[in-house]
Amino acid sequence: MRTATPDDAEAIEGVRIATWKFAYRGVIDDDHLDGLAVTEPNVALRRQALASGRTRAIVAESGGEVVGFSMYGDSRDEFSDAEVYAIYVLPGHLSTGQGRALMTATVADIPRTRRSACGS
């Protein structure tokens, strides 16, 4: 587990696409899923979000490859201060503890992130 950098944007987007194709097969139209791909505009949006600091992410690695990620930041509603926007683990790494480790690291980082944002 490590904090993601803007350089991880393409790998994060790759995990998202692969996971969607696995998790939503038979739920969302297969033609739509088959058409999903990592695109430069989506990678650029993730890179920009990570570079700005408005979104934070943690990546899980195995064998030097990103196999999962969590993204989080300020809450988008009035009910809490922070929100986990996404958590994804590649299908081949399900039931390995990666998802639990990502959530544990995310929850641990949120208070630290909130203190930084508040200038404490």
Side-chain angles (χ1 to χ4, degrees):
M1 298 295 138
R2 65 173 174 77
T3 300
T5 71
D7 291 338
D8 293 311
E10 186 170 0
I12 287 170
E13 186 64 6
V15 169
R16 185 186 73 84
I17 294 295
T19 304
W20 265 66
K21 287 181 175 189
F22 173 79
Y24 295 116
R25 186 72 54 192
V27 177
I28 294 176
D29 182 65
D30 285 353
D31 288 338
H32 175 75
L33 292 174
D34 292 339
L36 293 177
V38 175
T39 65
E40 184 50 40
N42 284 348
V43 171
L45 286 171
R46 292 205 184 281
R47 188 177 296 119
Q48 180 184 17
L50 290 167
S52 74
R54 75 175 185 270
T55 298
R56 293 187 50 84
I58 294 174
V59 294
E61 292 182 310
S62 179
E65 299 292 321
V66 173
V67 299
F69 72 91
S70 65
M71 295 190 96
Y72 52 100
D74 290 341
S75 178
R76 295 174 287 187
D77 63 35
E78 69 278 6
F79 300 111
S80 64
D81 291 334
E83 179 178 347
V84 177
Y85 306 137
I87 184 165
Y88 290 85
V89 175
L90 287 175
H93 294 270
L94 296 175
S95 299
T96 63
Q98 297 283 15
R100 182 181 303 250
L102 280 166
M103 185 57 81
T104 298
T106 299
V107 169
D109 191 51
I110 286 173
R112 185 183 68 76
T113 303
R114 298 301 303 158
R115 285 192 302 272
S116 302
C118 296
S120 303

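Residue numbers count from 1 along this sequence.
- A continuous path of ILVMFWY side-chain contacts below 4.5 Å connects Ile58 to Leu94, so both sit in one hydrophobic cluster.
- Grouping the Ile, Leu, Val, Met, Phe, Trp and Tyr side chains by contacts below 4.5 angstrom, directly or via other members, places Val67 apart from Phe22.
- Nearest heavy-atom pair, Gly99 versus Ile87, reported as atom, atom and distance to 0.1 Å: O-CD1, 3.6 Å.
- Follow the hydrophobic side-chain contacts under 4.5 Å out from Trp20 and you reach Val38 in the same cluster.
- Summarising the local packing, CD of Glu61 is surrounded by more than 12 heavy atoms from other residues, nucleotides or ligands at distances under 6.0 Å.
- Using a 4.0 Å cut-off between charged nitrogen and carboxylate oxygen, Asp74 and Arg56 do not count as a salt-bridge pair.
- Under the 4.5 Å side-chain heavy-atom criterion for grouping Ile, Leu, Val, Met, Phe, Trp and Tyr, Met1 is not connected to Leu50 through any hydrophobic cluster.
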Mind running side chain to side chain contact (heavy atoms under 4.5 Å, CB included) on Asp109 and Tyr72 for me, showing each step along the way? CA-CA 10 Å; Asp109 191 51; Tyr72 52 100; 2.5 Å; yes

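- Nearest heavy atom pair, residue Thr19 against residue Pro91, reads OG1-CD, 4.3 Å.
- Under the 4.5 Å side-chain contact rule for hydrophobic residues, Leu33 and Val15 share a cluster.
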Validation: residues 41-48 side-chain donor-acceptor distances under 3.5 Å, sequence neighbours left out:
unit_1	atom_1	unit_2	atom_2	d
Asn42	ND2	Glu13	OE2	3.4
Arg46	NE	Glu13	OE1	2.6
Arg46	NH2	Glu13	OE1	3.4
Arg47	NH1	Glu40	OE2	3.4

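- Gln98 and Ala60 get closest at one heavy-atom pair: OE1-CB, 3.3 Å.
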For side chain to side chain contact (heavy atoms under 4.5 Å, CB included), just list the numbers for Val89 and Leu102, CA-CA rounded to whole Å, side-chain angles, deciding distance to a tenth of an Å, and then say yes or no. CA-CA 9 Å; Val89 175; Leu102 280 166; 3.9 Å; yes

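- Contact detail for Ile17 and Ala37: the closest heavy-atom pair is CD1-O, 3.8 Å.
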Are Glu65 and Val59 close enough, and set up right, to give a side chain to side chain contact (heavy atoms under 4.5 Å, CB included), and what steps lead you there? CA-CA 10 Å; Glu65 299 292 321; Val59 294; over 6 Å; no

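- Between Arg16 and Phe69 the shortest heavy-atom distance is N-CE2, 3.9 Å.
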